[in-house]
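Chain naming here is simple, since letters A, B, ... match the order of the sequence lines and numbering starts at 1 in each. Bear in mind that the values here come from a model prediction, so they are computed numbers and not experimental data.
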2 protein chains.
Amino acid sequence: MEERLGLRERKKAQTRRRIEDAALELFARDGFDEATVEAIASAADISPRTFFYYFAAKEDVVLADYAGRLDRIIQQLAMRPPTETPWEALRASFLVVAADYETERAGLIRRFRIIAGTPSVHARSLQLQSGWEDTVTATLAERMNREPQDLIPRLLAASALAAIRSSLQNWIATESKSSLPELVNNCFTHLESGLARVS
Amino acid sequence: MEERLGLRERKKAQTRRRIEDAALELFARDGFDEATVEAIASAADISPRTFFYYFAAKEDVVLADYAGRLDRIIQQLAMRPPTETPWEALRASFLVVAADYETERAGLIRRFRIIAGTPSVHARSLQLQSGWEDTVTATLAERMNREPQDLIPRLLAASALAAIRSSLQNWIATESKSSLPELVNNCFTHLESGLARVS
DNA sequence: ACACATTCTGACACTTAGTGCAAACTTGCA
DNA sequence: TGCAAGTTTGCACTAAGTGTCAGAATGTGT
């Protein structure tokens with residue numbers, strides 16, 4: 001709505017950012033478990049109690065913005081014309097999000113390194129993904145006029161998530177021979193035409 | 001090796017079982033977070049410290065045996081003849097495991113109820129599943145003579161996991177119109193012949 | 001039956017995450 | 001200016017999980 005945020009919001013965003021930077025640096029230097037909330041708070045010049053005013057858990061510092069992506073997927077999915085098959089709609093929506101990821105590779109790798117190396121963060125990340133799956137499933141079920149517990153919408157949602165997760169993993173692991181959207185597109189094609197064909 | 005376990009092993013198994021029973025009952029009665037380790041230990045007639053000798057975390061009481069299933073999958077997968085396509089091998093292996101699940105419905109539901117209702121347990125469960133995916137991916141990669149970071153083995157593994165997870169969810173949610181192996185078989189067929197076809 | 005190694009159990013002290021509460025302080029707005 | 005709402009902090013508290021070590025129970029060999 002307003003271009004200029006109030007002083008209050010600007011300061012809040014600033015503080016949040018300061019905490020995030022301090023934490024990510026300490027995580028990289030000392031490891032996630034070793035970097036205590038107290039140390040992070042001290043580095044970010046706030047009290048430990050204030051840390052929890054911004055983040056519900058230490059894990060959330062790593063995964064914070066990560067969460068906003070779901071909204072983008074759902075939003076995209078809702079915009080697809082009803083003439084498309086469910087799978088076509090899914091594919092189009094997920095490709096948009098893949099393109100988003102593509103633009104932030106540097107920041108993401110920093111975070112993925114922590115996720116991969118820290119069980120508790122990994123667990124939380126999976127939990128978020130599971131939430132996405134639920135929401136995509138529900139959205140899909142409605143579009144298809146089926147029960148939310150129906151097998152099909154869930155399978156479609158889970159497969160789409162599997163596609164993006166596989167692509168992401170490959171994209172991070174290899175030095176990106178292909179762009180992320182290409183990889184995702186690839187996976188979707190395989191799933192679309194049937195896994196029996198895969199060598 | 002030996003049919004009769006020593007007194008030591010029998011007692012250990014017995015204690016483990018006692019802890020498990022006490023915990024599961026308290027979880028059901030008070031909720032997972034409300035049931036403290038101290039209360040569980042007291043109910044199982046052991047010291048709190050001993051609880052952690054048997055389980056690394058409270059979550060593991062719910063998910064303990066759950067872990068052994070991976071071995072079954074991998075074992076099955078290793079047994080499939082090399083003439084089968086990767087997908088055929090996956091399908092056959094996962095169907096065996098689905099049949100295993102089928103026989104323990106009652107006990108599973110008790111646990112699933114806790115998993116579904118407790119974020120931290122759910123998170124840990126997902127973490128285990130993620131470990132399975134990694135292992136299945138690696139096994140598959142070897143069978144296919146590809147790099148472990150290759151896109152394809154991961155996509156196949158993730159899809160198979162998606163199939164069993166979707167089936168399980170549906171099987172628990174509905175009052176089992178179909179058997180679990182039927183549901184899994186169904187999902188595999190969809191993935192095999194292509195999701196484009198799905199209504 | 002005896003001694004010896006291994007494994008199990010418990011007690012104690014400790015670190016850290018996370019919550020509830022209420023008081024102090026800052027900003028937005030009339 | 002002054003009041004309402006939002007932000008920051010300190011303090012006290014619960015509970016999970018770890019390290020350490022001493023002592024009890026058990027398995028094994030003689």
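If you chain together ILVMFWY residues whose side-chain heavy atoms come under 4.5 Å of each other, B:Leu126 ends up grouped with A:Leu126.
Applying the ring pair (Phe, Tyr, Trp, His ring centres under 6.0 Å) rule to B:Phe112 yields no partners; only residues at least two apart in sequence or on another chain are considered. With sequence neighbours left out, A:Asp45 forms a side-chain hydrogen bond (donor to acceptor under 3.5 Å, both in side chains) with no residue at all. Partners of B:Tyr54 according to the ring pair (Phe, Tyr, Trp, His ring centres under 6.0 Å) rule, which considers only residues two or more places apart in sequence or in another chain, do not exist here. The ring pair (Phe, Tyr, Trp, His ring centres under 6.0 Å) test applied to A:Phe32 returns A:Phe27, not counting sequence neighbours. With sequence neighbours left out, B:Tyr101 forms a ring pair (Phe, Tyr, Trp, His ring centres under 6.0 Å) with no residue at all. Looking at residues two or more places apart in sequence or on another chain, you find no side-chain hydrogen bond (donor to acceptor under 3.5 Å, both in side chains) involving A:Thr135. For B:Leu26, the side-chain contact (heavy atoms from CB on, under 4.5 Å) partners two or more places apart in sequence, or in a different chain, are B:Arg29, B:Asp30, B:Ala35, B:Ala39, B:Ile40, B:Ala43.
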Donor-acceptor contacts, no H, no angles, side chain residues 147-160 of chain A, under 3.5 Å, sequence neighbours left out:
from, atom 1, to, atom 2, distance (Å)
A:Asp150, OD1, A:Arg146, NH1, 3.3
A:Asp150, OD1, A:Ile152, N, 2.9
A:Asp150, OD2, A:Arg146, NH1, 3.1
A:Arg154, NE, A:Glu133, OE2, 3.1
A:Arg154, NH2, A:Glu133, OE2, 3.4
A:Arg154, NH2, A:Asp134, OD1, 2.3
A:Ser159, OG, A:Leu155, O, 2.6

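Partner B:Arg91 forms a side-chain contact (heavy atoms from CB on, under 4.5 Å) with one of B:Thr189, B:Val184, B:Leu191 and no other, that one being B:Thr189.
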Write down the protein N/O and nucleotide N/O pairs, taken from nucleotides 7-10 of chain D, whose separation is under 3.5 Å; answer none if there are no such pairs.
from, atom 1, to, atom 2, distance (Å)
D:dT7, OP2, A:Tyr53, OH, 2.7
D:dT7, O5', A:Tyr53, OH, 3.4
D:dT8, OP1, A:Tyr54, OH, 3.4
D:dT8, OP2, A:Tyr54, OH, 2.6
D:dT9, OP2, A:Ser47, N, 3.0
D:dT9, OP2, A:Thr50, OG1, 2.6
D:dG10, O6, A:Arg49, NE, 3.4

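Scanning DNA chain C 5' to 3' for nucleotides with an atom closer than 4.0 angstrom to a non-hydrogen atom of chain A gives a first and last hit of C:dT16 to C:dG28.
Taken residue by residue, residues 24-44 of chain A places no heavy atom nearer than 4.0 Å to DNA chain D.
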